[in-house]
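Just so it is clear, the model here is predicted, and its values are computed rather than measured.
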Amino acid sequence: MAGNRFRYGQWNGGPDPLAPPYDVREAVDAVGAEVLAGGSLREALRDLLRRGPQGRGGLDDLAARARRLRREALRRGDLDGAVTRAQALLDQALAAERDELRGRDDDAARFAESVLDNLPRSTARAVEELSGYQWASDDARRSYQQILDQLRDDVLGQRFAGLRDAVRASADPAAQQRLAEMMGDLNDLLARHGRAEDTTDAFAEFMRRHGDFFPEKPETVDELIDVLARRSAAGERLMNSLSDRQRAELAGLMQQSLGDRLSGELSVLDANLRALRPDLRWGRGERVRGDQPLDYADAAGALGEIGDLDDLLDQLDQEHPGATLDDVDVDAVARTLGRDAADDVRRLRDLERELRRQGWVSRDAEGLTLSPKALRRLGGTALRRVFSDLTAGPRGQHDLRSAGAAGEVSGASRPWEYGDEQPLDVVRTLTRAVSRAGPTVPVQLAVDDFEVVETEKRASAAVVLCVDLSYSMISQGRWGPMKQTALALAHLMETRFPQDALQIVGFGREATTLTQQELAAVEPDGEQGTNLQHALRLAGRHLRRHPDAEPVVLVVTDGEPTAHLDPDDGEALFHWPPLPETIEATVREVDRLSRYGATLNLFMLGDDPGLRRFVDAVARRSRGRMFTPDTDDLGEYVVSDYLRSRQSRR
């Protein structure tokens, strides 16, 4: 518009206006690829946030920056700088005083010299003994007073940001009176808050009277406590970081500089804040080293920064159960790492929320997990990988031309015949009538006009896929192909053969039924045992729940049975080499499935001779088949076998 003026300048942080939006589907696919490769589902989801989308701006990058800043803070300087500076000022004061006394010949001068000569070596005790000393040198008096004033300014200025200017007049009795009143009112407010009293009005009155001491302008008591507690904890960490001698020296100097009343109020304040915020690192010390002496404020500031970075690192680690990105204090990130780091956290939050909003992930007590929607996409990816390896040719054409109301509409129609039960194709019936008799109303229907919808009757199957979850599967690199195979078969049946009923059974020392979500998240527990007997028993239960379906059992394993359920107490018994009782118990389950009419096909991974003998014997006994695919070909073998078995039921 005319008259508008625009200013352009260098971009100085914040969200990148040219950054492309996050591709949520790409993020889901990245997680899926890690799962299909055998990785942990929860680890994959955590890695997505740790690495960040497109491998940048993740929690790991932020944590690395925080650790680097922490290392720099640990090398910032010498924490004993406050005592060192006090010692230097004391030496300066004593030197000036002795120069002045040497020019005097009276007994008072000689007595004063003896007092100075017999001062304790401790700086704090020397300062204490000189508190009532009558200084002959004005320069010496100013140097001595500077010890007290600077330390008081540093201590109070570090605790109360608004006092940085006010404390310069704190040597004035009226200023000290006002400081003491503010700290007394503050301690009273915090004590009432600690007793869970309603402090809304009391806080408003406190801020009205003393708000100029708090430039942060806290809006609630809790905000005020958060500000003060961090600084108080930093001061205590400073004391804990000093040696015993240094700590005693600094404590003595602080007592002298603050006086009894301010020192007492400050001790009560620290106790109140510690009780209200016990989670802060109050008792911790740090080994800060460096050549530069740090005064009290700088030393406490360095330790406060280290404490903030430690808290931030805990938040960024996301290790505790149920951790979310909402646990990360964005203001703390901006304060310690900068605005661009805070923007990265917000983008990660947006990504996590968008994944939840679009239904790709859900959250349970242990953290994020894939939703059914994401599992369908993951299964589709697995199926596409499997089909990409299959040779060309018709697959799964198993429909029967026998018509029936229970069939699926094929899209075609045919003339009605006596005895047909298919639904009428109303549109084509009326079209034939109008073509025969012309466009008259009402339309006259004849027997030859009727057409019925042609359907394909689908033969249903009850399929059980038993997958070996023993530790050898992951140690031999078979865990990922096993997951991919199971998810591909589940997706195939869900999308193309929904009338079939699939049950996935995982077996290690014991067997358990698994949903697709549980299969994607399952991890090896390292417990030894291959309990095929229990898996086949669970398979039989699934088949009996579908008596009208064709029973099919597929077994993927890399080891002969080494465990079975005790017939008395149902506990899993493991033994290597396999016991005769284990083999017999497993064979009994095979026989039960055979009598039920189930087809039992076994996919053997590995080349163990004992496993080969067992699998071959079971296949012959159950009139099933044995396959020995390479690990990379497992999905192709299992899916192809399932499709062939369905085609044979046409």
L309 and its side chain to side chain contact (heavy atoms under 4.5 Å, CB included) partner, picked from R67, R71, R70: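 The residue from R67, R71, R70 that satisfies side chain to side chain contact (heavy atoms under 4.5 Å, CB included) with L309 turns out to be R70.
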Partner of Y144 by side chain to side chain contact (heavy atoms under 4.5 Å, CB included), out of D139, D149, V127, L89: V127
May I ask you to say whether [X] pairs ionically with [Y], meaning some side-chain N is under 4.0 Å from a carboxylate O?
{"X": "D344", "Y": "R349", "result": "no"}
{"X": "E518", "Y": "K483", "result": "no"}
{"X": "E236", "Y": "R274", "result": "yes"}
{"X": "R178", "Y": "D212", "result": "yes"}

ring-ring contact (aromatic ring centres under 6.0 Å, His included) partners of H210, counting only residues at least two apart: F206
Partners passing side chain to side chain contact (heavy atoms under 4.5 Å, CB included) against R346 (at least two apart in sequence or in another chain):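 Residues passing side chain to side chain contact (heavy atoms under 4.5 Å, CB included) with R346: V330, A342, D343.
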Intermediate values then yes/no, side chain to side chain donor-acceptor pair (under 3.5 Å), S232 and D270: CA-CA 6 Å; S232 177; D270 288 342; 2.7 Å; yes
Donor-acceptor contact present, side-chain E249 to main-chain A124, <3.5 Å: yes
Donor + acceptor pair across side chains of [X], [Y] (<3.5 Å):
{"X": "S263", "Y": "Q255", "value": "yes"}
{"X": "H193", "Y": "N272", "value": "no"}
{"X": "D154", "Y": "Q150", "value": "no"}

So which atom in [X] and which in [Y] form the shortest heavy-atom distance, rounded to 0.1 Å?
{"X": "M182", "Y": "F213", "answer": "CG-CD1, 3.3 Å"}
{"X": "A93", "Y": "S143", "answer": "CB-CB, 3.7 Å"}
{"X": "I147", "Y": "A86", "answer": "CD1-O, 3.6 Å"}

Worked check of salt bridge (charged side-chain N to carboxylate O under 4.0 Å, His left out) between D340 and R65: CA-CA 12 Å; D340 59 332; R65 292 170 62 181; 3.4 Å; yes
Side chain to side chain contact (heavy atoms under 4.5 Å, CB included) assessment of L312 paired with L337: CA-CA 10 Å; L312 183 59; L337 302 184; 3.7 Å; yes
